[in-house]
Amino acid sequence: MALSPRCGAIRACRRVLERAFSLRKVHSIKDMENTLQLVRNIIPPLSSTKHKGQDGRIGVVGGCQEYTGAPYFAAISALKVGADLSHVFCASAAAPVIKAYSPELIVHPVLDSPSAVDEVEKWLPRLHALVIGPGLGRDDALLRNVQGILEASKARDIPVVIDADGLWLVAQQPALIQGYQKAVLTPNHMEFSRLYDAVLRGPVDSDDRHGSVLRLSQALGNVTVVQKGERDILSNGQQVLVCSQEGSSRRCGGQGDLLSGSLGVLVHWALLAGPEKTNGSSPLLVAAFGACSLTRQCNHQAFQKHGRSTTTSDMIAEVGAAFRKLFET
Ligand SMILES: NC(=O)C1=CN([C@@H]2O[C@H](COP(=O)(O)OP(=O)(O)OC[C@H]3O[C@@H](n4cnc5c(N)ncnc54)[C@H](O)[C@@H]3O)[C@@H](O)[C@H]2O)[C@@H](O)CC1
Ligand SMILES: Nc1ncnc2c1ncn2[C@@H]1O[C@H](COP(=O)(O)OP(=O)(O)OP(=O)(O)O)[C@@H](O)[C@H]1O
Ligand SMILES: [Mg+2]
């Protein structure tokens with residue numbers, strides 16, 4: 001059906017207003033520095049009186065026969081950022097491989113078991129946050145188990161970061177995450193388009209990234225959304241932040257896994273610190289800004305040393321120094 005000229009004009013007017021509205025909320029460089037200060041506020045002090053586990057017990061749900069690197073990158077990044085314990089819940093074929101990468105990870109070969117949900121649920125009381133999706137794949141049986149794990153986590157009010165194939169699951173069933181205030185979604189370009197189309201039933205307006213992220217977050221009931229890209233756009237449906245921390249032009253696979261694993265820890269720290277420490281800003285948004293800045297800084301530092309041959313392992317080797325530079329200055 002053809003649109004009347006009046007209807008078209010109203011739409012155009014609405015777009016201009018929406019754009020102005022979202023642009024008003026966009027971050028300047030000064031805002032970026034202020035937000036980095038909020039990230040510094042949520043970082044727990046190191047102390048000799050703490051016991052193992054207090055600074056974070058994180059679970060990564062992902063890893064299948066094809067993808068073993070992604071869950072490893074996410075889980076090791078959580079440890080390198082400062083979590084005390086990092087678990088991986090993966091398909092049985094992936095477990096020996098992931099264990100062989102690192103003696104530091106606790107690896108549970110349960111995701112393809114008929115009792116996967118029960119097996120993971122046993123651990124939930126001991127976990128502070130879950131990162132769901134890196135290297136999960138799209139096998140229906142695995143995704144059904146992950147759906148059960150997500151529902152069990154929500155029932156226990158556990159914060160969840162959803163990335164990669166976890167976002168594939170959410171695009172099939174947005175109701176799974178609708179309105180859950182302790183969820184952060186971290187889509188790349190493709191994952192964002194897929195989600196946007198599934199939730200808002202239309203294509204993304206590529207000229208209005210801020211408005212698109214804001215609208216998706218609102219349509220999901222103010223779930224925090226981080227759209228990764230040349231600049232990362234973050235929104236909780238009320239505020240829009242932009243992270244343009246200098247990275248590099250090297251785009252090897254696995255950088256998003258570093259981001260989601262780091263975010264698992266930062267989300268836990270931010271919720272523990274609460275809105276007093278984040279000056280009234282959403283703790284999840286502050287955590288997400290921290291993870292984006294850190295990932296990009298790791299990329300920048302690794303690129304200085306390795307140039308075109310930079311890989312995600314080189315970036316992970318930079319986590320300590322990047323963290324100090326951004327958050328402990
Ligand atoms: N070493 C590993 O095991 C890795 C496994 N990975 C896993 O691989 C699986 C699939 O992840 P994908 O990220 O490929 O997801 P998708 O299958 O949704 O593909 C994304 C595609 O979009 C393209 N793309 C990215 N940014 C774009 C942009 N700005 N414009 C246009 N196209 C763009 C990419 O080339 C990629 O082919 C996930 O389980 C993921 O976790 C990745 O995390 C990479 C590392
Ligand atoms: N064009 C770009 N310029 C600078 N940084 C970018 C660019 N695109 C992505 N990034 C950064 O790279 C990181 C990972 O984003 P990316 O879009 O590669 O995720 P991904 O596709 O999920 O990665 P993965 O390969 O781990 O699945 C983010 O921190 C993001 O800020
Ligand atoms: Mg990814």
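In this chain, residues are counted from 1 in sequence order. Numbering of ligands and ligand atoms starts at 1, following listing order.
- In this structure, D84 does not pair ionically with K52, as no charged nitrogen and carboxylate oxygen lie closer than 4.0 Å.
- L200 and L176 fall within a single hydrophobic cluster, where Ile, Leu, Val, Met, Phe, Trp and Tyr are joined by side-chain heavy atoms under 4.5 Å apart, directly or via other members.
- Residue contacts with ligand 1: P134 is included, with a non-hydrogen atom under 4.0 Å away.
- Counting heavy atoms under 4.0 Å from ligand 2, residue H189 does not touch it at all.
- Per-residue contacts place R194 under 4.0 angstrom from the following atoms of ligand 1 (heavy atoms of the residue considered): 16 (P), 18 (O).
- The protein heavy-atom contact nearest to atom 43 (O) of ligand 1 is D257 OD2, 2.8 Å.
- Under the 4.0 angstrom criterion, atom 18 (O) of ligand 1 counts as having a protein heavy-atom contact.
- The contact set between ligand 1 and L136, taken as ligand atoms under 4.0 Å from a residue heavy atom, comprises 39 (O).
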Checklist entry - Between S102 and Y72, is a side-chain hydrogen bond (donor to acceptor under 3.5 Å, both in side chains) present by the stated rule, with each step listed? => result CA-CA 8 Å; S102 167; Y72 163 77; 5.4 Å; no
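- For the pair G135 and ligand 1, the shortest N or O to N or O distance falls below 3.5 Å.
- In this structure, atom 18 (O) of ligand 2 has its sub-4.0 angstrom surroundings free of protein heavy atoms.
- Linking ILVMFWY residues whenever their side-chain heavy atoms come closer than 4.5 Å, directly or via other members, leaves L85 and V161 in distinct clusters.
- Of all protein heavy atoms, the one closest to atom 27 (O) of ligand 2 is D257 OD1, 4.3 Å.
- The shortest N or O to N or O distance between M190 and ligand 1 is not under 3.5 Å.
- Side chain of R296 to main chain of E246: no donor-acceptor pair is present (N/O by atom type, distance under 3.5 Å, no hydrogens or angles).
- Regarding atom 21 (O) of ligand 2, its nearest protein heavy-atom neighbour is N188 ND2, 2.9 Å.
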Next on the checklist: Using side-chain contact (heavy atoms from CB on, under 4.5 Å), reason through L136 and Y67 one step at a time and then give a plain yes or no.
Outcome noted: CA-CA 7 Å; L136 183 60; Y67 305 127; over 6 Å; no
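- When each atom of ligand 1 is checked for a heavy atom of N188 under 4.0 Å away, the hits are 13 (O).
- In this structure, G254 has a heavy atom closer than 4.0 Å to ligand 2.
- At the top of the distance list for atom 44 (C) of ligand 1, counting protein heavy atoms only, stands G254 N, 3.6 Å.
- Between S249 and F303, the closest heavy-atom pair is OG-CZ, 4.4 Å.
- A perpendicular orientation is assigned to the rings of F323 and F327, their planes being inclined by more than 60° (bins at 30° and 60°).
- Among all non-hydrogen protein atoms, the one lying nearest atom 1 (N) of ligand 2 is E230 CA, 3.4 Å.
- The protein atom (non-hydrogen) at minimum distance from atom 39 (O) of ligand 1 is D165 OD2, 2.4 Å.
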Checklist entry - Would T311 and D314 count as a side-chain hydrogen bond (donor to acceptor under 3.5 Å, both in side chains) if you check the C-alpha gap in whole Å, the side-chain angles of each, and the deciding distance to 0.1 Å? => result CA-CA 5 Å; T311 61; D314 300 320; 3.3 Å; yes
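- Side-chain contact, Y101 with T68: a donor N or O sits under 3.5 Å from an acceptor N or O.
- Side-chain contact between F289 and M32: present, with at least one pair of heavy atoms (C-beta onward) separated by less than 4.5 Å.
- Residue contacts with ligand 1: G69 is placed with a nitrogen or oxygen under 3.5 Å of a nitrogen or oxygen of the ligand (distance criterion only).
- Under the 4.0 angstrom criterion, atom 11 (O) of ligand 1 counts as lacking any protein heavy-atom contact.
- One N or O on the side chain of R251 and one on the backbone of S248 form a donor-acceptor pair closer than 3.5 Å.
- Here is the list of ligand 2 atoms found below 4.0 Å of a heavy atom in G253: 25 (O).
- Heavy-atom distances between G229 and ligand 2 reach below 4.0 Å in at least one pair.
- Of the possible donor and acceptor atoms, one in the side chain of Q181 sits under 3.5 Å from a partner among the backbone N and O of G179.
- Across L258, T312, L259, V265, a single residue satisfies side chain to side chain contact (heavy atoms under 4.5 Å, CB included) together with S77, and that is L258.
- For atom 22 (O) of ligand 2, the choice among R251, E191, K228 with the nearest heavy atom turns out to be K228.
- Of the protein's heavy atoms, L259 CD1, 3.8 Å lies nearest to atom 28 (C) of ligand 2.
- In this structure, atom 14 (O) of ligand 1 has no protein heavy-atom contact shorter than 4.0 Å.
- Comparing A70, G63, A94 against atom 2 (C) of ligand 1, the shortest heavy-atom distance belongs to A70.
- Of the candidates H189, E66, R138, it is H189 that places a heavy atom closest to atom 29 (N) of ligand 1.
- Nearest protein heavy-atom contact of atom 23 (O) of ligand 2 is G256 N, 3.2 Å.
- Within 6.0 Å of CZ on R156 lie more than 12 heavy atoms contributed by other residues, nucleotides or ligands.
- Taking a cut-off of under 4.0 Å to the non-hydrogen atoms of A164, the atoms of ligand 1 that pass are 38 (C), 40 (C), 41 (O).
- The nearest protein heavy atom to atom 34 (C) of ligand 1 is not closer than 4.0 Å.
- Shown here for L79 and L105, the closest heavy-atom pair between the two residues is CD1-CD2, 4.0 Å.
- If you look at H108 and W123, their ring centroids are closer than 6.0 Å.
- Nearest to atom 30 (C) of ligand 2 among the protein's heavy atoms is D232 OD1, 3.3 Å.
- The side chain of T295, and not its backbone, has at least one atom closer than 4.0 Å to an atom of ligand 2 (non-hydrogen atoms only; side chain from C-beta on).
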